**Student:** 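Below is the structure I would like to discuss, written out as structure tokens.
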Protein chains: 2
Amino acid sequence: MVTERLDNMQSRVDTPQQPPTTPRAALATVAWLRAVSGETLDRLTEFAVLHRMPPGSMLFEQAETPAFLLCVVSGSVELFGVRGSDETLIELVGPGDLLLPAAVLNRQPYLLRARVLDEAQLVMIQAEAFRRAVASDHALCLAVLACEAAHFRRQVKSAKNIKLRSAEERVGCYFLKIAEQVLPAASFKLTLEKRLIASQLGMTRETFSRTLAGIGQHGLQVEGDTIHIINIDAARARFQLDPLIDGPEAVQPLAVEATTT
Amino acid sequence: MVTERLDNMQSRVDTPQQPPTTPRAALATVAWLRAVSGETLDRLTEFAVLHRMPPGSMLFEQAETPAFLLCVVSGSVELFGVRGSDETLIELVGPGDLLLPAAVLNRQPYLLRARVLDEAQLVMIQAEAFRRAVASDHALCLAVLACEAAHFRRQVKSAKNIKLRSAEERVGCYFLKIAEQVLPAASFKLTLEKRLIASQLGMTRETFSRTLAGIGQHGLQVEGDTIHIINIDAARARFQLDPLIDGPEAVQPLAVEATTT
DNA sequence: CGTATTCATTGACTCAAATCAATTGATATA
DNA sequence: TATATCAATTGATTTGAGTCAATGAATACG
């Protein structure tokens with residue numbers, strides 16, 4: 001029995017036994033900032049604050065102009081596209097990830113609404129301080145580029161998932177992907193609320209709920225928030241995972257071959 | 001009567017009367033590379049080639065590992081998500097844009113298939129040379145970051161469009177957006193094939209075709225590839241453009257306030 | 001405690017959009 | 001000129017998925 005929450009998210013450098021208490025210490029836990037100099041991190045966090053926010057906290061609203069760059073240290077944040085009273089989950093962001101750095105860099109309005117899902121620690125860096133640091137520190141710029149590249153690829157995968165697969169296939173692949181990860185466990189629990197999975201997969205709660213029964217016919221029995229892996233081969237036969245859709249997309253620091261010049 | 005093809009695309013620095021004949025000259029036409037030093041552009045194009053490709057040419061296939069970074073100088077390129085014999089248009093790329101730089105930077109497989117739409121001139125830069133240049137030149141790194149940020153935001157907008165709007169709304173907003181841009185013209189022509197618009201908007205050709213009749217009831221009469229703006233207010237009333245979905249998303253070079261340090 | 005409130009499930013029904021199929025028109029191609 | 005080929009339209013039909021509504025289960029709360 002394993003949980004799947006972190007599968008969608010960035011891995012931490014290490015498992016911090018005690019949470020960081022300063023912005024500086026918090027950034028030190030972010031894996032993809034490894035190559036950035038201490039001085040730059042000092043500069044970034046000089047006027048930064050580290051906040052702990054309870055679930056449900058609104059971090060920013062769609063169309064707002066960013067005042068801060070937010071970095072998730074722990075917990076998780078949901079990013080919604082909003083239209084009137086409708087919300088659709090566009091991205092789920094976890095430890096080590098930035099919240100829409102593209103908007104902050106470009107001084108453009110946020111395209112999404114951000115709300116805390118699991119109680120989160122967040123580093124808040126002044127937007128202008130962040131821009132200046134990116135503009136003046138090459139290593140940071142490279143790291144942010146890698147981060148942004150990962151975000152882009154996640155979006156493309158999500159678009160392919162939604163445009164190329166039926167609702168049942170999306171749900172089936174979502175479960176099968178987790179099942180493959182937790183094998184040889186015989187079952188696993190969902191850590192995400194079903195309404196969020198449904199929204200992320202581009203369907204209504206009801207449709208999602210209904211497809212669960214259908215999934216049961218293909219080796220994955222759903223019982224509440226527990227999924228029992230009854231027949232993995234049947235699931236594999238019905239739902240074919242595609243690494244170009246279902247594969248993980250981690251932030252990769254840019255690696256170049258040794259310069260022979 | 002105005003065409004709309006370029007609306008989705010990057011603007012050129014200037015309108016080059018004669019097309020560039022060397023990779024170096026080609027990169028000089030790319031607006032967002034303005035701040036990059038001539039030496040770096042020289043280094044980038046040292047082993048680069050400038051190719052002219054006819055419509056239909058396949059540039060790379062999904063799952064391939066990038067050997068080159070491709071930069072579109074003129075013409076346009078379609079990027080498809082592929083599943084078996086199904087293709088869905090994920091992005092349409094025009095002059096001045098890079099083809100999936102994220103994959104090239106990360107040495108990861110392409111998530112999409114690239115095919116020439118309008119005869120295109122392309123600069124092909126060795127992948128490793130590109131990575132080295134980004135790793136060693138801060139200005140280039142910043143420029144690519146801005147480019148990648150724009151791509152990310154385009155993807156988010158597309159996801160919101162598809163997940164929050166009905167098929168008719170997507171089509172209506174697509175046309176209305178162009179109509180607003182060409183006003184006070186009374187009509188405009190589509191430069192994109194309808195099947196491509198349909199695919200980009202996440203629907204079948206047939207559905208797209210049918211919605212055209214419905215759109216006609218709201219002030220936008222479709223006749224072949226010409227759209228007549230009969231009643232712009234009716235169209236505005238039915239299809240509400242949202243800048244956070246329909247707004248343009250150009251590559252913006254990072255600007256920082258003057259350092260007062 | 002009982003009582004809201006939120007989430008999940010289920011049923012009945014509707015409807016939007018896909019599918020299948022045929023036709024037209026336009027553009028190549030032999 | 002006849003013949004493929006492909007894009008677009010249109011009709012008939014199916015179906016996948018949304019909507020509306022009711023219920024149960026779990027959790028929060030006064």
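Heavy-atom basis, side chains included; hydrogens, waters and symmetry copies ignored. In the text below, chain A, chain B and the rest are named by the order of the sequence lines, each starting its count at 1. This structure is a prediction, so every number in the text was calculated from the model and none was measured.
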**Student:** Within the side chain of A:Q62, is there an N or O that forms a donor-acceptor pair under 3.5 Å with the backbone of A:V82?
**Tutor:** yes
**Student:** Taking protein heavy atoms under 4.0 Å as touching, what does nucleotides 17-27 of chain C look like 5' to 3' if B marks base contact, S marks sugar-phosphate-only contact and - marks none?
**Tutor:** SBBBB------
**Student:** Compare all side-chain heavy atoms of B:L70 with those of B:M53 and state whether any distance is below 4.5 angstrom.
**Tutor:** no
**Student:** Is it the case that the side chain of B:K194 and the backbone of B:S209 share a donor-acceptor pair, with hydrogens and angles ignored and the cut-off at 3.5 Å?
**Tutor:** no
**Student:** Please check if the side chain of A:K163 supplies one atom and the backbone of B:S199 the other of a donor-acceptor pair under 3.5 Å.
**Tutor:** yes
**Student:** Would you kindly give the CZ-to-P distance between A:R195 and C:dT5, to the nearest whole Å?
**Tutor:**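 It works out to 17 Å between those atoms.
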**Student:** Regarding B:E223 and B:T226, do their side chains bring together a donor and an acceptor under 3.5 Å, going by distance alone?
**Tutor:**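 Per modelled atom types, B:E223 and B:T226 side chains form no pair under 3.5 Å.
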**Student:** Please give, in whole Å, the distance from C:dA16 C1' to B:L201 CG?
**Tutor:**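 My rounded result for the distance is 16 Å.
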**Student:** Expressed in angstrom and rounded to an integer, what is the separation of A:R205 atom CZ from D:dA21 atom C1'?
**Tutor:**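 Value for this atom pair: 13 Å.
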**Student:** Below 4.0 angstrom, N of the basic side chain to O of the carboxylate: do A:R165 and A:D246 qualify?
**Tutor:**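 Looking at A:D246 together with A:R165, the answer is yes, because their closest N to O distance falls below 4.0 Å.
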**Student:** Of the options B:L100, B:L117, B:L99, which is the one that meets B:V93 in a side-chain contact (heavy atoms from CB on, under 4.5 Å)?
**Tutor:** B:L99
**Student:** Could you state the interatomic distance from CD (A:E87) to CG (A:L196), rounded to the nearest 0.5 Å?
**Tutor:**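 Those atoms lie 9.5 Å apart.
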**Student:** Go along nucleotides 23-30 of chain D 5' to 3' and tag each nucleotide: B for a protein heavy atom under 4.0 Å from its base, S when only backbone or sugar atoms are that close, - otherwise.
**Tutor:** --------
**Student:** What is the distance, to the nearest angstrom, from the CG atom on A:D225 to the C1' atom on C:dT9?
**Tutor:** 14 Å
**Student:** Without decimals, in angstroms, what is the distance between A:I215 CD1 and C:dT9 P?
**Tutor:**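 Value for this atom pair: 13 Å.
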